Amino acid sequence: MYGAPTDFWFNKCVEYLRFIAYNNADRDDARIHYEYARVLETVARRTAEGKPLPPCLLAPPAAGKRIYDTRPDDLKQKPRYKKQ
């Protein structure tokens, strides 16, 4: 029971960190993005060892934002100027 985390719990942690990183409203708080980057590095190491990718990384998120970016929710896109 104790020792290295099982694949099930590791995959759940990856899924939760992904949701939090995608939906974090405070863009000045870098801790969440740092932890998400750390877990992605761990996923890369585990993949090199022959373990499969967590299923949550193979599909778009089921809830919350679909795109990972640091753009605030209320920031609109820059207008595009038409060439005359």
Side-chain angles (χ1 to χ4, degrees):
M1 174 135 190
Y2 295 104
T6 62
D7 289 341
F8 173 78
W9 288 114
F10 178 76
N11 293 345
K12 272 295 177 193
C13 289
V14 172
E15 185 177 352
Y16 291 145
L17 275 171
R18 182 183 187 195
F19 178 82
I20 293 168
Y22 275 44
N23 296 294
N24 184 22
D26 183 13
R27 300 299 182 198
D28 294 330
D29 185 12
R31 289 177 298 157
I32 299 299
H33 304 289
Y34 172 74
E35 292 297 330
Y36 185 55
R38 271 186 50 197
V39 81
L40 289 179
E41 288 177 356
T42 305
V43 166
R45 264 189 245 108
R46 288 169 55 103
T47 304
E49 294 171 358
K51 294 192 177 182
L53 280 172
C56 66
L57 294 179
L58 299 175
K65 284 183 156 183
R66 302 263 182 210
I67 298 173
Y68 181 63
D69 63 359
T70 55
R71 177 191 203 114
D73 294 333
D74 56 351
L75 182 66
K76 295 180 181 176
Q77 286 214 304
K78 291 170 78 173
R80 295 185 183 194
Y81 296 104
K82 296 178 183 175
K83 292 183 181 181
Q84 295 183 15

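Fair warning: this is a prediction, and the values are worked out from it, not measured in the lab.
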>> Counting only heavy atoms not in Arg66 (residues, nucleotides, ligands), do more than 12 fall under 6.0 Å from its CZ?
In response: yes
>> Is the shortest side-chain heavy-atom distance between Phe10 and Arg46 below 4.5 Å?
In response: yes
> Is Tyr36 reachable from Phe19 through a run of I, L, V, M, F, W or Y residues, each pair having side-chain heavy atoms under 4.5 Å apart?
Replying inline: no
> OG1/Thr6 to CG/Asn11 distance, rounded to the nearest 0.5 angstrom?
Replying inline: 8.5 Å
> What's the shortest heavy-atom distance between Pro54 and Val43, and which atoms?
Replying inline: CD-CG1, 3.9 Å
> If you round to the nearest 0.5 Å, how far is CZ of Arg31 from OH of Tyr34?
Replying inline: 12.5 Å
>> Taking the side chain as everything from C-beta on, heavy atoms only, tell me whether Lys12 gets closer than 4.5 Å to Tyr16.
In response: yes
>> Salt bridge or not between Arg38 and Glu35? Use side-chain N to carboxylate O under 4.0 Å.
In response: yes
>> Quick check: do Val39 and Arg18 have side-chain heavy atoms less than 4.5 Å from each other?
In response: no
> Would you say the side-chain atoms of Asn23 pair up with the backbone N or O of Lys65, donor to acceptor, closer than 3.5 Å?
Replying inline: yes
>> Could you report the tightest heavy-atom contact between Leu40 and Leu57, atom names first, then the distance?
In response: CD2-CD1, 4.1 Å
